[in-house]
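Working notes, structure below.
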2 protein chains.
Amino acid sequence: MSEEKELKTEELILEAAEKVFINKGFAATKTTEIAKEAGVTHAMLHYYFRTKENLFNIVFQNKVQLLANSFFSVVHQDKSFTEIIGSAIEHHFDFIKENPELGLFIINEINSNEKNSKIWSDIAVPIFSNAVSSIKQMIDTEVQKGTIRPIDPVDFVQTVVSLNIFPFISKPLFKNLRHVSDKEYEKFSEQQKKENIRLVLLMLKP
Amino acid sequence: MSEEKELKTEELILEAAEKVFINKGFAATKTTEIAKEAGVTHAMLHYYFRTKENLFNIVFQNKVQLLANSFFSVVHQDKSFTEIIGSAIEHHFDFIKENPELGLFIINEINSNEKNSKIWSDIAVPIFSNAVSSIKQMIDTEVQKGTIRPIDPVDFVQTVVSLNIFPFISKPLFKNLRHVSDKEYEKFSEQQKKENIRLVLLMLKP
DNA sequence: ATTATCTATAGATCTATAGATAATGC
DNA sequence: ATTATCTATAGATCTATAGATAATGC
């Protein structure tokens with residue numbers, strides 16, 4: 001069998017599943033569509049993954065991990081607070097730009113199924129807690145120095161996430177109001193990133 | 001028949017449909033569930049609304065209109081620019097707080113069906129265009145006076161909407177990181193509103 | 001011998017309607 | 001006479017599996 005020439009069937013199904021699930025959500029996705037997208041017969045899907053739910057869980061857990069980690073790439077270097085915050089926002093924005101559908105997908109699935117909410121709690125919350133406490137330390141230090149105003153670290157993270165994710169989520173709402181000629185969109189998107197950084201630093205000013 | 005003692009069947013179905021559709025989305029909603037929620041037999045749903053799609057369209061159009069108008073309650077009074085912006089944000093925030101699921105519902109349905117995207121364009125975009133141009137006038141005037149920095153009015157609206165809607169949309173993501181004892185949530189929510197107003201005005205400073 | 005693939009179909013679920021019956025308004 | 005309601009079911013999908021056949025690795 002062509003071992004490496006093409007992706008293996010199992011891999012093809014998984015990739016197709018990611019695409020379709022993220023696009024349509026669990027409920028609206030048909031296993032037949034995933035099979036078609038993967039270019040394999042429908043029975044193969046059940047042969048490798050047994051159930052639709054099984055396949056979904058694999059996809060969902062992977063994506064939760066990915067999204068949760070994207071919030072915090074803060075590699076503590078010998079940089080100033082402002083620089084650390086700036087580059088963290090930049091990194092997060094770039095990730096969201098590469099994966100614009102991910103946030104919405106995960107929020108929707110958490111809302112529609114209690115089990116998914118549990119998966120989120122188990123995987124993402126520990127990552128968050130950890131990162132939030134290190135951000136809290138930085139904030140406390142700066143507040144003591146008088147360089148920023150006090151702010152709840154969770155509020156802070158939520159505001160950053162909001163500013164970065166929402167432009168992509170709400171794109172369809174504003175689509176017909178803009179001159180987004182795709183060529184200009186790239187530029188617009190970079191401006192947005194800069195503006196978000198500016199706004200967050202402004203918000204922190206005493 | 002009890003004309004006014006209870007809601008009529010048609011009304012009961014419509015209200016149940018709103019609830020279930022907004023909660024689960026079109027694809028995941030079963031007409032049997034709507035009937036059950038309304039407390040009527042399943043056949044009644046089809047008797048009054050013929051098809052699931054029909055019923056959905058009525059709900060969707062109503063909600064699109066509602067959401068689109070919520071963005072702009074700017075009654076041009078004899079108030080300052082700052083006051084107008086502040087009260088507009090406040091009004092919008094309060095609306096979102098009363099209807100926290102609405103934004104996500106509409107975004108999802110636009111994403112999953114081209115026809116819904118068309119409905120949004122037909123209903124919401126005219127309302128937006130109208131309001132955006134009046135905001136643009138206000139901004140231009142203030143910019144000329146040197147009281148604010150120049151900003152694209154669509155960007156401006158999108159930022160406000162983002163700051164107001166996202167805390168509610170992303171609530172499940174941050175749920176387990178907070179002390180949200182429901183009694184405290186009301187206070188938190190009011191703080192959030194104030195903070196959003198502060199942030200937007202800050203953003204506009206030259 | 002084991003693993004991968006295919007065709008065919010069982011069984012569950014869901015939308016929609018047919019046809020009968022009850023309630024309401026002239 | 002018309003409108004509203006009910007029960008029963010047709011017809012369309014969709015998930016999952018059974019059972020047969022082909023490919024692969026010792």
Side-chain angles (χ1 to χ4, degrees), chain A residues 1-61 105 108-109 112-116 119, chain B residues 1-61 105 108-109 112-116 119:
Chain A
M1 210 170 79
S2 53
E3 188 72 44
E4 294 298 328
K5 204 169 69 189
E6 319 176 12
L7 289 174
K8 292 230 205 76
T9 301
E10 188 172 352
E11 194 67 21
L12 284 170
I13 294 169
L14 195 57
E15 287 185 6
E18 287 190 359
K19 186 174 167 185
V20 181
F21 277 136
I22 290 177
N23 211 17
K24 303 205 160 180
F26 177 80
T29 294
K30 314 301 169 200
T31 52
T32 46
E33 190 184 349
I34 294 175
K36 198 177 171 187
E37 174 76 30
V40 304
T41 59
H42 179 213
M44 284 297 90
L45 188 149
H46 291 283
Y47 175 72
Y48 281 106
F49 297 96
R50 230 175 58 77
T51 67
K52 178 187 176 186
E53 198 176 299
N54 230 19
L55 179 54
F56 175 82
N57 280 340
I58 294 170
V59 171
F60 188 67
Q61 284 176 26
F105 166 65
N108 282 331
E109 298 303 334
S112 56
N113 189 332
E114 189 55 40
K115 281 183 190 170
N116 295 336
I119 291 174
Chain B
M1 209 169 83
S2 54
E3 186 73 42
E4 294 297 328
K5 205 171 67 188
E6 319 176 12
L7 289 174
K8 293 229 205 75
T9 301
E10 187 171 353
E11 195 67 22
L12 285 170
I13 293 170
L14 194 56
E15 286 184 8
E18 286 190 358
K19 187 173 166 185
V20 182
F21 277 136
I22 289 177
N23 210 17
K24 304 204 160 180
F26 177 80
T29 293
K30 314 302 169 198
T31 53
T32 47
E33 190 184 348
I34 293 175
K36 198 177 170 188
E37 174 76 30
V40 303
T41 59
H42 180 212
M44 284 298 91
L45 189 147
H46 291 283
Y47 175 71
Y48 283 107
F49 297 96
R50 230 175 58 77
T51 68
K52 178 186 176 186
E53 197 176 299
N54 231 20
L55 179 55
F56 175 82
N57 279 341
I58 293 169
V59 171
F60 188 66
Q61 285 175 27
F105 166 65
N108 283 331
E109 299 303 334
S112 55
N113 189 334
E114 188 55 40
K115 280 181 189 168
N116 295 335
I119 291 174

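Numbered from 1 within each chain, the chains take letters A, B, ... in sequence-line order. Since we're looking at a predicted model, the values are computed, not measured.
Contact annotation: the side chain of Tyr48(B) never approaches that of Leu14(B) to less than 4.5 Å [non-hydrogen atoms, C-beta and beyond].
Between the NZ atom of Lys30(A) and the NZ atom of Lys24(A) there is a distance of 8.5 Å, given to the nearest 0.5 Å.
Glu10(A) is linked by a salt bridge (charged side-chain N to carboxylate O under 4.0 Å, His left out) to nothing, counting only residues two or more places apart in sequence or in another chain. For Lys19(B), the side-chain hydrogen bond (donor to acceptor under 3.5 Å, both in side chains) test picks out Glu37(B), with sequence neighbours left out. Contacts of Asn108(B) classified as side-chain hydrogen bond (donor to acceptor under 3.5 Å, both in side chains), with partners at least two apart in sequence or in another chain: Asn108(A).
Rounded to whole Å, atom P of dT24(D) lies 13 Å from atom NZ of Lys8(A).
Between Tyr48(A) and dT5(C), a side-chain N or O to OP1/OP2 separation shorter than 4.0 Å is present. Look at Thr9(B) and you won't find any side-chain N or O under 4.0 angstrom from OP1 or OP2 of dA4(D).
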Q) Stepwise, does the side chain to side chain contact (heavy atoms under 4.5 Å, CB included) test hold for Asn113(A) with Phe26(A)? A) CA-CA 10 Å; Asn113(A) 189 332; Phe26(A) 177 80; 5.9 Å; no
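In terms of heavy atoms, Thr51(B) sits closest to His46(B) at CA-ND1, 4.3 Å. Shortest non-hydrogen contact noted between Asn116(B) and Glu109(B) is ND2-O, 3.2 Å.
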Q: Indicate for each nucleotide in nucleotides 12-17 of chain D, in 5' to 3' sequence, whether protein heavy atoms under 4.0 Å reach the base (B), only the sugar-phosphate (S), or nothing (-).
A: --SBBB
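Within a heavy-atom distance below 4.0 Å of DNA chain D, no residue of residues 17-28 of chain A is found.
Relative ring orientation between Phe60(A) and Phe56(A) is described as parallel, the plane-to-plane angle staying below 30° on a 0-90° scale split at 30° and 60°.
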Q.
Give the dot-bracket line for DNA chain C from 5' end to 3' end: parentheses for intra-strand Watson-Crick or G-U pairs under 3.5 Å, square brackets for crossings, | for inter-strand pairing, dots for unpaired.
A. ||||||||||||||||||||||||..
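Checked against the 6.0 Å centroid criterion, the rings of Phe105(B) and Phe21(B) do not qualify as a close aromatic pair.
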